[in-house]
Every structure is written in C-alpha cells, then in structure tokens.
Amino acid sequence: MLENKTVAFFGAGSMAESMISGMIHAEKVPAQQIYVTNKFNGDRLTEIKERYGVHTMLQKDLPYEEVDYFIMAMKPYGAEEALAFLKDKIRPDQVVVSVLAGISTSYMEEKLNDEQQVIRVMPNTSSMIQESASAMSLGSYTQKRHERDVKDLLACMGEVFIIEEEQMDVFTGLAGSGPAYFYYLMEEMEKVGVEQGLEAKKARKIIAQTIYGAAKMVLEKGEAPIVLRERVTSPNGTTHSGVEALKAHHGGEAISEAVQHAAARSKEIREELEKVAH
C-alpha cells in the first residue's frame, strides 16, 4: 500500500509541487512520508514545507536508505549530475521514477546501478487538482509490484495511461504541454468577452465551464470529438459560423503544429543530453 511507502523528490519546482499536492489531497501518501530535496535553494524548500507539511532538506541530508521511490523532478539538464550523485546512494530494489522530459529509461539505467529499476512518467500540472493525464513507461528491470505502486501513485492525481517509451514524446506534446494550449485559447476568448462588455472574471468562468463541460462530454459519452462537434453545429447557425472562422484562419493546423513542435522538442532534448553524456 502507498500509505506505507516513502517518497523523495529531487527538485522542488512546479511539477514536483503539483505531484506533492495531488498525493496529499488524495490521502494516499501522508505528508510525513514525503521528502523534498534540492541542491541549493533553501528558501524554496522552506516554502514547500510550510505549505504541505512535508520533510525538506538538502540532498546530502536525505535518509536514502529509508526511501522507496525517488522521483526525479528537476530540470532535464540537471539530470546527469543528479544521477551520478544518486548512483552511490541507492540499492537496486529502490525505484527511480523520472519526470524528466526527454530523458529515456535506458539513459537513466546506464547512469545508475546494474538492473536499477527505472520508470518514466509524465503527469501534467492538473495533477494539483487530481485531474492529470499521466503516462508511464517501464524500464528494463521494473518489477510488477513496483509498476502497480507507481501507477497507484499517479492515479492519486488523475487518469493513468501506460504507453511504450517511443510514444512518450508525442504524449509530451499532447498532454505534458497540452494545458498551456487550452490556457492560451482561454486567454484569447476572455479578451473577446471583455471587449464585448463582460467583466473579466465572469468571462473567464464562462469559458472555463464551457471547456470543462465539453471535455466531460467526450469522456462520459465516449464519442469522438468530431461527432459531438457536428451534432452541435447547425447549418448556417452561430456555431457553424464560428467553426468556419477557425478553419479559415487555419486553427486546426495551428493546433497540429503546436503538438508536433512540442513532441519534436522533447526528442531534441533527449538527443542533446545523450550526445553530451557520450
């Protein structure tokens, strides 16, 4: 059970905080069994400790022997140094969970001990409210019980999808970066609402509820978005006019480009890091 597991975060950035918040609010991992560490920033650790009641400390002070799952949640360019530091302090039965964009499980296995268990995961920032779309792919030595534990850990934060590692870049483009696309859309819609006389906060709530309701319809009805879109688009009606404007301004192409660029950048980061390492 996760209640009996100890989790340590390497990194105290926004993704780490989203995951910590999701775990605590889902009441799966108690705050007293969560450690958060980074290399230098004591002020950030103090902030996290005061907000969530977790243990915080610098890397050198972490009780490594007590930890079941090490979650690597720092910036990807700090990965090699962190893995070198971690290698001499952990056992093969302890599990390294990577949230590092573009870092493959094989790369991490190479940098750690023989047959070290590594699982790569990708939640998004909606984990803070237990509504993440999270992916996980397994390293070469992952045991079934640890796969189940990590899946349960991610399930504290939302829906979990087990995918092949080669699919992780496109998942990053779709879900890891996806919330930002919707926030950008909402920004633009809010501007129009304000220009047309709505109060900004009211316009924001209207838009958020609309997007939330549309997404919920897809999940609950199980129908393809194109089916739902065509169902609500009457010929020559208001929705038809709006959708035609999106098409005329290449809205679909812009979305496709956004996903493809984010996925390509994930691949580029991996190649850059692995080239430097070798």
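As the structure is a prediction and not an experimental result, all values here were calculated from the model. Each residue takes its place number in the sequence, starting with 1. Computation of the quantities below employed the complete heavy-atom set of this structure, encompassing side-chain atoms and omitting hydrogens, waters and symmetry-equivalent molecules.
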Exercise for the section: Would you tell me whether Tyr52 and Glu17 have side-chain atoms, one donor and one acceptor, within less than 3.5 Å of each other? Expected result: yes

Query - Side-chain donor or acceptor of His146 paired with backbone N/O of Thr142 under 3.5 Å - result: no

request  = Go through Glu115 and Asp93 one step at a time and tell me if the side chain to side chain contact (heavy atoms under 4.5 Å, CB included) criterion holds.
outcome  = CA-CA 9 Å; Glu115 300 191 3; Asp93 63 299; over 6 Å; no

Handout entry: Heavy-atom side-chain contact between Arg229 and Ile226 under 4.5 Å
Key = yes

In short, Leu83 meets Leu112 closest at the heavy-atom pair O-CD2, 3.7 Å

- Item | Co-membership, hydrophobic cluster, residues Val97 and Val54, 4.5 Å side-chain | yes

One should read off an interatomic distance between Tyr69 OH and Thr6 OG1, to the nearest 0.5 angstrom, of 11.0 Å

ask   = Would a 4.5 Å heavy-atom cut-off, applied to side chains only, mark Ile255 and Tyr181 as touching?
value = no

Practice prompt. Answer with yes or no whether the side chains of Glu110 and Ser106 bring together a donor and an acceptor at under 3.5 Å.
Written response: no

Of Leu100, Val99, Thr105, the one forming a side-chain contact (heavy atoms from CB on, under 4.5 Å) with Ile103 is Leu100

Q) Taking Glu159 for the side chain and Ser134 for the main chain, is one N or O donor matched with an acceptor at less than 3.5 Å? A) no

Does a side-chain heavy-atom distance below 4.5 Å link Leu174 with Gln167? no

Heavy-atom nearest pair, Asp68 first then Lys5, reads OD2-CA, 3.3 Å

Quick one, Met157 and Gln130 - any side-chain contact, counting heavy atoms below 4.5 Å? no

- Does any non-hydrogen side-chain atom of Pro63 lie less than 4.5 Å from one of Tyr35? yes

Test your reading of the model: is there a side-chain donor-acceptor pair from Arg44 to the backbone of Ala12, 3.5 Å cut-off? yes

For this session: I would like to know whether Ile90 and Gln116 meet side chain to side chain contact (heavy atoms under 4.5 Å, CB included); could you show each step before the answer?
Result: CA-CA 9 Å; Ile90 62 171; Gln116 186 72 57; 3.5 Å; yes

Legend entry - Under 3.5 Å side-chain donor-acceptor pair for Glu165 and Ser104: no

Say whether, by atom type as modelled, one donor and one acceptor occur between the side chain of Gln117 and the main chain of Gln143 under 3.5 angstrom.
yes

key: Close side-chain approach of Gln33 and Pro30, heavy atoms under 4.5 Å   = yes

The reported gap from CG in Leu154 to CE in Met136 (rounded to nearest 0.5 angstrom) is 6.5 Å

Check your understanding: Are any non-hydrogen side-chain atoms of Leu58 and Asp61 less than 4.5 angstrom apart?
Key -> yes

Minimal heavy-atom distance between Gly11 and Val36, with the atoms involved, is O-CG1, 3.8 Å

Closest heavy-atom pair, Asn124 versus Ala133, reported as atoms and distance to 0.1 Å, is OD1-N, 3.6 Å

Heavy atoms of Ser140 and Glu109 approach each other most closely as N-OE2, 2.7 Å

Exercise for review: Check the pair Lys89, Phe85 against side chain to side chain contact (heavy atoms under 4.5 Å, CB included), reporting the backbone distance first and the verdict last.
Suggested key: CA-CA 7 Å; Lys89 298 183 180 297; Phe85 181 86; 3.3 Å; yes

Under 3.5 Å, side chain of Asn113 to main-chain N/O of Lys87, donor-acceptor pair present? yes

| said: Do Val121 and Ile24 sit in one hydrophobic cluster, given that two such residues count as connected whenever their side-chain heavy atoms are within less than 4.5 Å of each other, even indirectly? | reply: yes

Can Met168 be reached from Met108 by stepping across I, L, V, M, F, W or Y side chains whose heavy atoms are under 4.5 Å apart?
no

Phe10 versus Leu86: any side-chain heavy-atom pair under 4.5 Å?
yes

Glu147/Lys151 under side chain to side chain contact (heavy atoms under 4.5 Å, CB included): CA gap, chis, key distance, verdict = CA-CA 6 Å; Glu147 176 188 344; Lys151 186 175 181 181; 5.5 Å; no

Scanning both residues in full, the closest heavy-atom pair of Ala26 with Cys156 reads CB-O, 3.5 Å

Exercise for review: Look only at the side chain of Thr37 and the backbone of Gln59, and say whether a donor-acceptor pair between them is shorter than 3.5 Å.
Suggested key: yes

Using the rule that Ile, Leu, Val, Met, Phe, Trp and Tyr join whenever any side-chain heavy atoms are under 4.5 Å apart, tell me whether Leu219 and Leu228 fall into a single cluster. no

CD1 (Ile71) and CD1 (Ile34) are apart, to the nearest 0.5 Å, by 8.0 Å

